[in-house]
Colleague: 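Once you've had a glance at the structure underneath, I'll fire off some questions.
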Amino acid sequence: MTTPFTPGIQAGRLDAATLAARFSDHTPPLDRHEAFVAADRCYFCHDAPCITACPTAIDIPLFIRQIATGTPDAAARTIWDQNILGGMCARVCPTETLCEQACVRELAEGKPVEIGLLQRFATDGAMARPHPYARAAATGKRIAVVGAGPAGLACAHRLAMHGHEVTVFDARPKPGGLNEYGIATYKTTDDFAQAEVDWLLAIGGITIHTGIVLGRDVTLAALQAEHDAVFLGMGLAGVNALRAPGEDTAMAAVDFIAHLRQADDKGAVPVGRDVVVIGGGMTAVDAAVQARLLGAQNVTIVYRRGQDRMSASGYEQEHATSAGVRIVTHAAPVAVGADAVTFEYMTEGANGLAGTGERFEVKADQVFKAIGQTLTGVPQGLTLEGGKIVVDGAGRTSVVGIWAGGDCAAGGEDLTVTAVAQGRDAAEDMHRAITGR
Ligand SMILES: Cc1cc2nc3c(=O)[nH]c(=O)nc-3n(C[C@H](O)[C@H](O)[C@H](O)COP(=O)(O)OP(=O)(O)OC[C@H]3O[C@@H](n4cnc5c(N)ncnc54)[C@H](O)[C@@H]3O)c2cc1C
Ligand code: SF4
């Protein structure tokens, strides 16, 4: 048995009971009474700002009223009509920067209506009942979806609702995309990602082939030839390089997180005693917090700009610091060594970031890079901008017959809810395009 003080990258720093408690549901669900009390705080605003702030435009006051009037299954239907992955979004949406930030109760009292928790209350209950959507009569149209992440799944479900036959191809062994391989373990417990995929597929008309890589096992030209339309929801499978000597010893934070998500025994996942995470987004925070939960003694996030420029929200930063993670800002890596990372302090001026020449070291037996993901394996012929696929408002790419959405598409924040909205909207446009309606 190792302990948090054992040097090096080690498994088994904490006992099973401690790990189970640490990786349990971060935000436990509301019970019926708590849901009524929470729903009672809603003013059911006219022109509700929370709806505008939701990328999927869920009619939030309506679903909260449905909970308040004792019809939570109707509330779930209101949510799913706009966002078929409403259960996952209730767990992972940064509501503090979306609907709950816009809530008038937040403005007036600094305490918003608990929209995320109410959404979870409604969807969790209704998911235990039969799938509420039926397919329209079969159209005979066939559509290929690449990527079984939130964008691809939302697209596939909406197309199936319209009666089309959808085939989804995904490179990984399991569907779900980052819902299965990326989201922090404590945000989605009890294998919820797979349960939600199974529930979504119950509509019928969707076939998923896993272990199939576009560009390796199948070409875009072949998909186009065999289908009436193609949707690309392939996310961002690559990771940005640090461009610092020694970086080959650093691990991609997304790989660590995926490994942890797939591990039946969290204690078997090795973690350093002194962990350094380089980056400033959600991935950096999730890797750092989970390294601490696994028993790492010292975890430091180092970000090259100021804390206000970190893409992790203030809430997430606080979550990290309250888990014991130290955040160091205005420092960029110079070299990754065997037991320390050398950083240089940075200043930010009119001409961007510049090194000050002052250096310092942070002790590290494990280093994670979390400075962003990149699009890889994109088929030739599609117009790219900023490394992502260019799409119009309806998700159409530069190639007729091919749509794209989610993280791989340019525009919009890289969030689960945004991917769902883009997949859904592309499906509606594909439906119109292939049926002429
Ligand atoms: C560590 C981490 C934590 C996050 N936490 C949150 C959070 O708490 N809340 C939130 O809102 N967002 C979070 N996000 C962002 C969110 O997960 C993404 O925005 C969202 O998953 C994007 O969905 P997508 O369908 O576009 O892509 P993905 O979820 O990445 O799915 C893409 C799918 O395409 C497949 N694929 C890729 N290339 C190919 C290919 N060539 N052939 C076939 N299949 C392929 C992949 O295997 C994958 O299954 C997080 C992201 C990361 C990395
Ligand atoms: S803004 Fe807040 S109070 Fe108003 S409808 Fe939305 S959740 Fe209810």
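As the structure lists them, so they are numbered: ligands from 1, and atoms in each ligand from 1.
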Colleague: Check whether the ring centres of Phe256 and Phe368 lie less than 6.0 Å apart, and answer yes or no.
Modeller: yes
Colleague: With heavy atoms only and a cut-off of under 4.0 Å, state how Leu214 meets ligand 1: side chain, backbone, both or neither.
Modeller: both
Colleague: Ion pair present between Asp124 and Arg91, side-chain N to carboxylate O less than 4.0 angstrom?
Modeller: yes
Colleague: Would you indicate whether Arg243, at its atom CZ, is surrounded by more than 12 heavy atoms from other residues, nucleotides or ligands within a distance under 6.0 Å?
Modeller: no
Colleague: Kindly indicate whether the side chain of Arg424, heavy atoms from C-beta on, has any atom under 4.5 Å from the side chain of Gln82.
Modeller: yes
Colleague: Does Gly215 have a heavy atom less than 4.0 Å from any atom of ligand 1?
Modeller: no
Colleague: Under 4.0 Å, counting heavy atoms only: does Gly233 come that close to any atom of ligand 1?
Modeller: yes
Colleague: Do Arg309's NZ or CZ and the ring of Tyr303 fall within the cation-pi criteria of under 6.0 Å and 45°?
Modeller: no
Colleague: Just jot down the side chain to side chain donor-acceptor pair (under 3.5 Å) partners of Glu180, sequence neighbours excluded, or say none.
Modeller: Lys174, Gln194, Gln262
Colleague: What about the rings of His157 and Tyr133, do their centers lie closer together than 6.0 Å?
Modeller: yes
Colleague: What do you reckon, does Gln373 put a non-hydrogen atom under 4.0 Å from ligand 1?
Modeller: yes
Colleague: Does ligand 1 have an atom under 4.0 Å from some heavy atom of Asn179?
Modeller: no
Colleague: Quick one: are Thr167 and Glu226 in side-chain contact, heavy atoms under 4.5 Å?
Modeller: no
Colleague: Which atoms of the protein, restricted to N, O or S, are nearer than 2.8 Å to atom 2 (Fe) of ligand 2?
Modeller: Cys103 SG
Colleague: Check this for me: does any side-chain nitrogen of one of Lys369 and Asp255 sit under 4.0 Å from a carboxylate oxygen of the other?
Modeller: no
Colleague: With heavy-atom distances below 4.0 Å as the criterion, list the atoms of ligand 1 near Ala151.
Modeller: 25 (O), 26 (O)
Colleague: For ligand 1, note which part of Asp286 has a heavy atom under 4.0 Å away: side chain, backbone, both or neither.
Modeller: side chain
Colleague: Honestly, is Arg22 close enough over Tyr186, meaning NZ or CZ under 6.0 Å from the six-membered ring centre and within 45° of the axis?
Modeller: no
Colleague: Within a distance under 4.0 Å of any heavy atom of Asp414, pick out the atoms of ligand 1 and give their elements.
Modeller: 15 (C), 19 (O)
Colleague: Pick one of side chain, backbone, both or neither for how Thr376 approaches ligand 1, counting any non-hydrogen atom pair under 4.0 Å.
Modeller: neither
Colleague: Near Met282, which atoms of ligand 1 are under 4.0 Å from a heavy atom of that residue?
Modeller: 4 (C), 5 (N), 6 (C), 7 (C), 8 (O), 9 (N), 12 (N), 13 (C), 14 (N)
Colleague: Report yes or no: is the cationic atom of Arg65 (NZ for Lys, CZ for Arg) closer than 6.0 Å to the six-membered ring centre of Phe44, at no more than 45° off its axis?
Modeller: yes
